[in-house]
Amino acid sequence: MEAFTTLTGIAAPLPKANVDTDQIIPARFLKSISRTGFGKHLFANFRYKEDGSENPDFVLNQEPYRKAEILIAFENFGCGSSREHAPWALLDFGIRCVIAPDFADIFHNNSFKNGVLPVKLPREVCEQLMEDARLGGNARLTVDLERQVVVRPSGEEIPFQIDPLRRHLLLNGLDDIGQTLQHAPAIDSYEARQKAAQPWLGGA
Amino acid sequence: MSGQKPRTLFDKIWDAHVVDTLPDGTALLYIDLHLTHEVTTPQAFDGLRQAGRKLRRPDLTLGVIDHNIATDASRYTGIVDPESRLQVETLEKNAAEFGMPLIPLLDDRQGIVHVIGPELGRSLPGMTIVCGDSHTSTHGAMGALAFGIGTSEVEHVLATQTLLQKPAKNMKVEVNGNLAVGCTAKDIVLAIIGRIGTAGGTGHVIEYAGDAIRALDMAGRMTVCNMSIEGGARAGMVAPDETTFEYIRRTPNGPKGEALERALAWWRTLPTDPGAHFDKVVTLNAHEIVPQVTWGTSPEDVLPITGVVPNPEEAADEARRAQLRRMVEYMGLTPGQRLQDLKIDVAFIGSCTNSRIEDIRAAAAIARGRKVADGVRALVVPGSGLVKKQAEAEGLDRILTEAGFEWREAGCSMCLGMNPDKLTPGQRCASTSNRNFEGRQGPGGRTHLLSPAMAAAAAIAGHLADVRDFQPKGSV
C-alpha cells in the first residue's frame, strides 16, 4: 500500500447523501480478478449514457475535475456492499481522499486498507469545501494527514479527527497482516484453548 | 472478561474471541468461520501468493460459487460469460492451491453463501463468522457475530484467521406483540429500516429481541438479520433459543452427540444478561406493521402498501427535497400516486434475504391456482440446491410453474445485476431482495422491495398489490 502523508489536489464536489457502492462501482464490473483497472467504471451509471458516451453533466466528466484527487460528498458515503472494488475504483481513477460528514462502516475500513483517506467533517464544512471545489482548477485543497488538517484555498486550516492506529498505518504505508503475524504465538495458544473447549468447530 | 458486569450477546461472543489487545484498544479477534465466494477473493489469494503466505485454517474456511453465475440450465454445459468463467475458475484454482474446501458448482449443496452456511450447520451460535459480502449479517440469526468484510480483510483472515477490530456499540431493536395477517419477517425489517434510516445502525451491532422476533422461525430471523446492513449495522443478531437448537439438530454438518451437548451447554449461556447496557434502543409494535414496500432508491424509503408516493416538495429541507425529486424521477413515479397502482414488469423471488424453503412456500401459497399477469416475467430462484430439492419434493415447483413462474437454479440471480438475470432500463420489479439502489438490479432498473408473498401477489395482479386481498383472513 502506498503511504499517505500530504495530498494537494483538485477536489470534485458530489453534493449527494447515501452515495452507495452500487453507484461507486456497479456489480457488473466486479468480474475482474485484479485490483486495478476499475477507474474507468467509477460511477459508471452516472458517467456514461446508455450508448456508452460520456454524460457531460457528471462532475468527473468536467474540467478540471477529470483530474480530481479529492472527492467531497454528504452523509453515509459508501453505504451498501462490502466490495473493496469501491476504493479500488476511486484509487484507480486518481482519488485518494474522500471528505464527507460520515461514512458507512465497511467502506470506511476498506478505504484505509488501500491508502484512500476518508475524512469526516461536519456537513456545513463539507458545504464550504464544495464551494471551494466549485472555484475550479486553481482552488486546490490540501489534506495533511501528519498534521490532521484540511487546508482551504484561503489558507484556513480545518482540523479533523482520525483513529491513531489507522493514521500510523497509512502514514507509513503498512500492511496489517505483517503486524498481526507478530501476534502469532497468541493466535497459536488461542487455537489450542479453542480446540479443547469447542471441538465442534470446523464441521462434522 | 468483564467479571460480574451484565453483558449482551454481542459482548459475550466478542470477549470469547479476543486473542490479543493492542495498546490503543483494537482487538485481534479470532474468526471461527470464513465463508468465501468468487467475487471478493481473487485479489486476496493473489496477495497470499505474492507474500508466500498459506491459508492458516482450511478447516474453518468454506468456498462456494454464487454471485456471477447464470441461474438457467446453462451451468450444466459450462459458464458462457468469459469473465464470469475466469472468476469461477480462479476460485477453483485457488481452492486447490491453498487447500480450501469448495462446494462445486454442480453440487446439491451449492447455493447463496448466506443460505448454505446455516443450512449445512456450519454457521452456529457463539461463532464469529465473516465473508467478503455485506449480507454476512444474515448468519447472526443463529446467535453468532457475523459481518461483512472487504477483500483486504479477506486476505487477513485467510492468512491469520483473525481480524483487527474495534468493538462496536450495542443497539437493541425490540419488536413486541403479534404480527398481523399477511405480514412477515421482511415487513418487520423494512419497518425497522424505515424507522432508523439507512445509517441508524452505523457503528453498532443490532440485537433483535421481543416476542415478535422470538416467534419467527429461523428463515424469518435470517431475513431480519440479513438487512441489518441496510440499516447501517455491520451485524445483526438474535439470541439462540430452542428454535435455533431444533434447526441445528436437523442440519447435516452441525455438531452431534456429545459435541452437541457440550455446545448446547455453552450456547445456553449466550443470551444477553438482564440489565446489560445498550447504547441505543428502538422499540416497535408488531401489530402496527402492515405489509411494506419500498417506493424510492434507498431501503429507508419504505411505506405501507396502502400508501401513496410522497410529494418531494413537502420534505423539510432542500437537500432532502432534491434527493426525493431524484428518486421520484428515477423510479418513474408521480407524487400522490397509489403504490398499488404501480404496474410491474418483473417479479423476483430469491436472494440471500428471501430464498429459503419457507419463502418459496409463502410464494407458492399465493400462486396456487392463479396465473401470473400477462406481460409480467416472474422468477423464483431457490437459495441453494438443497432448497430446490426440498421445494420439488413438496411439489412447489409445479404449483409455481403452472402459475407461470420460472423455476430456476440456485444463485444470487437478479439481486445485484452482475449475472445474466438483470432488469433492462425502465423495468419495474417487485423484488424480495435487499437493495433498491439506482441500477442495483441492472442499469435503469426500478426496484420495489417486499416480502415473497407480496412479490407473488404483485406477479399475479400485474401491479403492486396488498397480499391481504389475496387470501381470506386467518389462512396464512
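Within every chain, numbering begins at 1; the chains are lettered A, B, ... in the order of the sequence lines, protein sequences first and strands thereafter. All values derive from a computational prediction rather than experimental measurement.
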Q: Does CD in B:Glu318 sit with more than 12 non-hydrogen atoms of other residues, nucleotides or ligands closer than 6.0 Å?
A: yes
Q: Is B:Thr198 in contact with chain A via its backbone, its side chain, both, or neither, using a 4.5 Å heavy-atom distance?
A: both
Q: With only heavy atoms counted, which part of B:Thr202 is less than 4.5 Å from chain A, the side chain, the backbone, both or neither?
A: both
Q: Heavy atoms only, distances under 4.5 angstrom: which of B:Ala322, B:Gly417, B:Ser134, B:Ala159 has the most pairs with chain A? Name it, please.
A: B:Ser134
Q: Taking the six-membered ring of A:Phe4, is NZ or CZ of A:Arg96 closer than 6.0 Å to its centre and within 45° of its axis?
A: no
Q: With rounding to the nearest 0.5 angstrom, report the NE2 to CG distance, A:His85 to A:Leu90.
A: 13.0 Å
Q: Students often mix this up, so state it plainly: with edges at 30° and 60°, are the rings of A:Phe107 and A:Phe103 parallel, tilted or perpendicular?
A: parallel
Q: Heavy-atom pairs under 4.5 Å with chain B - which of A:Asp176, A:Asn45, A:Asp102 has more of them than the others?
A: A:Asp176
Q: Just checking, is any N or O donor in the side chain of A:Ser81 or A:Arg83 under 3.5 Å from an acceptor N or O on the other one?
A: yes
Q: What is the ring orientation for A:Phe29 with A:His41, classed by angle as parallel under 30°, tilted 30 to 60°, or perpendicular over 60°?
A: parallel
Q: Given the options A:Ser34, A:Ala104, A:Cys79, which has more heavy-atom pairs under 4.5 Å with chain B than any of the others?
A: A:Ser34
Q: Would you call A:Arg35 and B:Asp46 a salt bridge, using N to O less than 4.0 angstrom?
A: no
Q: Given side chains that start at C-beta, do those of A:Arg167 and A:Gln161 come closer than 4.5 Å, heavy atoms only?
A: no
Q: Just give me the residue among A:Asn110, A:Asp175, A:Asp105 that pairs up with chain B most often, heavy atom to heavy atom, under 4.5 Å.
A: A:Asp105
Q: Could you tell me which of B:His67, B:Lys166, B:Glu83 has the largest number of non-hydrogen atom pairs under 4.5 Å with chain A?
A: B:Glu83
Q: Do you know which of B:Glu230, B:Glu438, B:Arg57 has the most heavy-atom pairs under 4.5 Å to chain A?
A: B:Arg57
Q: Out of B:Asp133, B:Thr40, B:Asn68, which one racks up the most heavy-atom pairs below 4.5 Å with chain A?
A: B:Asp133
Q: Is B:Lys93 close to B:Phe45 at the side-chain level, that is, under 4.5 Å between some pair of heavy atoms?
A: no
Q: For residues B:Asp421 and B:Ser413, is any side-chain donor paired with an opposing acceptor at under 3.5 Å?
A: yes
Q: Of the listed residues (B:Arg53, B:Arg326, B:Lys422, B:Glu38), which shares the most heavy-atom pairs with chain A below a 4.5 Å separation?
A: B:Arg53
Q: Chain A heavy atoms under 4.5 Å from B:Val18: which part of the residue, side chain, backbone, both or neither?
A: backbone
Q: Against chain B, work out which of A:Ala186, A:Ser32, A:Gly80 has the most heavy-atom pairs shorter than 4.5 Å and name it.
A: A:Gly80
Q: Out of A:Asp22, A:Leu30, A:Ile33, which one racks up the most heavy-atom pairs below 4.5 Å with chain B?
A: A:Ile33
Q: Looking at chain A, which one of B:Pro58, B:Gly203, B:Gly444, B:Gly232 has the largest number of heavy-atom pairs inside 4.5 Å, strictly under?
A: B:Gly203
Q: Parallel, tilted or perpendicular: which fits the ring planes of A:Trp200 and B:Trp266, with parallel below 30° and perpendicular above 60°?
A: tilted
Q: For B:Thr160, is it the side chain, the backbone, both or neither that has a heavy atom under 4.5 Å from a heavy atom of chain A?
A: both
Q: Side chain, backbone, both or neither: which part of B:Ile149 has a non-hydrogen atom closer than 4.5 Å to chain A?
A: backbone
Q: Please tell me if the side chains of B:His114 and B:Cys131 come closer than 4.5 Å, counting only heavy atoms from C-beta onward.
A: yes
Q: Below 4.5 Å, heavy-atom pairs only: which of A:Gln194, A:Gln23, A:Glu191, A:Gln179 has the largest tally toward chain B?
A: A:Glu191
Q: Considering only heavy atoms, which portion of B:Arg440 lies under 4.5 Å from any heavy atom of chain A: side chain, backbone, both, or neither?
A: both
Q: Non-hydrogen atoms of chain A under 4.5 Å away: do they reach the side chain of B:Asn434, the backbone, both or neither?
A: neither
